[in-house]
*Asks:* 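Input: one structure, supplied below.
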Amino acid sequence: MIASSVCLAVGLALSLFTGGGVVTGILLNTGIVVLLATPVVRVIVSTVQYVSERDWAFATLTFIVLLELAASAIAALVLNRKM
C-alpha cells in the first residue's frame with residue numbers, strides 16, 4: 001500500500017507540475033498495478049501460510065479464492081481481446 005501510494009502521489013505531483021510525460025505515466029500505472037495486486041498477494045501469502053501450518057480447510061478455501069481471482073483476470077483478458 002505504501003509503495004502504491006508513493007507512486008501515485010509522485011506521479012500525480014509530476015503530472016500537475018510538469019504536465020505529464022513518460023515517467024509520470026509509468027509511475028501512475030505502477031501505482032495502480034501495485035494497488036490492484038495487493039489483495040492477490042495477500043491471498044497467496046495466506047494460502048502458503050495455511051499449507052505450512054497444515055490447516056487444510058483454510059488452505060483449500062484460500063486456494064479456491066485464488067482460483068476465482070485468476071479466473072476473473074483471465075475472463076477479463078479474454079473479453080478485452082474480443083472488443
Side-chain angles (χ1 to χ4, degrees):
M1 293 296 296
I2 293 172
S4 173
S5 297
V6 169
C7 286
L8 289 171
V10 172
L12 181 61
L14 285 174
S15 177
L16 291 174
F17 294 119
T18 65
V22 176
V23 175
T24 302
I26 291 172
L27 284 171
L28 291 172
N29 286 334
T30 301
I32 291 171
V33 168
V34 170
L35 183 65
L36 292 173
T38 302
V40 176
V41 172
R42 175 67 180 135
V43 172
I44 292 169
V45 169
S46 295
T47 303
V48 170
Q49 180 182 359
Y50 289 134
V51 167
S52 70
E53 294 174 356
R54 299 185 188 275
D55 189 348
W56 303 118
F58 281 110
T60 302
L61 291 173
T62 54
F63 186 71
I64 290 169
V65 171
L66 187 60
L67 288 176
E68 290 175 353
L69 288 169
S72 65
I74 291 169
L77 289 172
V78 169
L79 290 175
N80 192 27
R81 287 188 181 180
K82 289 182 179 181
M83 294 181 159

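Please read all numbers here as calculations on a predicted model, not as lab measurements. All values below were derived from every heavy atom in this structure, side-chain atoms included, with hydrogens, water molecules and symmetry-related copies excluded.
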*Asks:* How many angstroms lie between CD1 in I74 and CG in L69, if you round to the nearest 0.5 Å?
*Replies:* 11.0 Å

*Asks:* Check whether any side-chain heavy atom of L61 lies under 4.5 Å from a side-chain heavy atom of V65, and answer yes or no.
*Replies:* no

*Asks:* Take I26 and T30 through the side chain to side chain contact (heavy atoms under 4.5 Å, CB included) test and state the conclusion after the steps.
*Replies:* CA-CA 6 Å; I26 291 172; T30 301; 4.0 Å; yes

*Asks:* Rounded at 0.5 Å granularity, tell me how far CG in L66 sits from CZ in R42.
*Replies:* 13.0 Å

*Asks:* Side-chain heavy atoms under 4.5 Å apart, restricted to Ile/Leu/Val/Met/Phe/Trp/Tyr: what other residues fall into the cluster of L36, or is it alone?
*Replies:* L8, L28, I32

*Asks:* Is there a path of hydrophobic side-chain contacts, each under 4.5 Å between heavy atoms, that joins V6 and V23?
*Replies:* yes

*Asks:* Side chain to side chain contact (heavy atoms under 4.5 Å, CB included), that's the test. Do V51 and W56 meet it? Break it down for me.
*Replies:* CA-CA 7 Å; V51 167; W56 303 118; 4.1 Å; yes

*Asks:* Going by heavy atoms in the side chains, are D55 and Q49 under 4.5 Å from each other?
*Replies:* no

*Asks:* With the side chain counted from C-beta on, respond yes when T60 and F63 share a heavy-atom pair under 4.5 Å apart, and no when they do not.
*Replies:* no

*Asks:* For the backbone of A76 and the side chain of N80, can you confirm whether one donor and one acceptor N or O come within less than 3.5 Å of each other?
*Replies:* no

*Asks:* Which heavy-atom pair separates A59 from T47 by the least distance, and what is that distance?
*Replies:* O-CG2, 4.2 Å

*Asks:* Please answer whether the main-chain N or O of G31 pairs with a side-chain N or O of S4 as donor and acceptor at a distance below 3.5 Å.
*Replies:* yes

*Asks:* Using links of under 4.5 Å between side-chain heavy atoms of ILVMFWY residues, direct or through other members, which residues join L16 in one cluster?
*Replies:* L12

*Asks:* If we only count heavy atoms from C-beta on, is the I44 to V40 side-chain gap below 4.5 Å?
*Replies:* yes

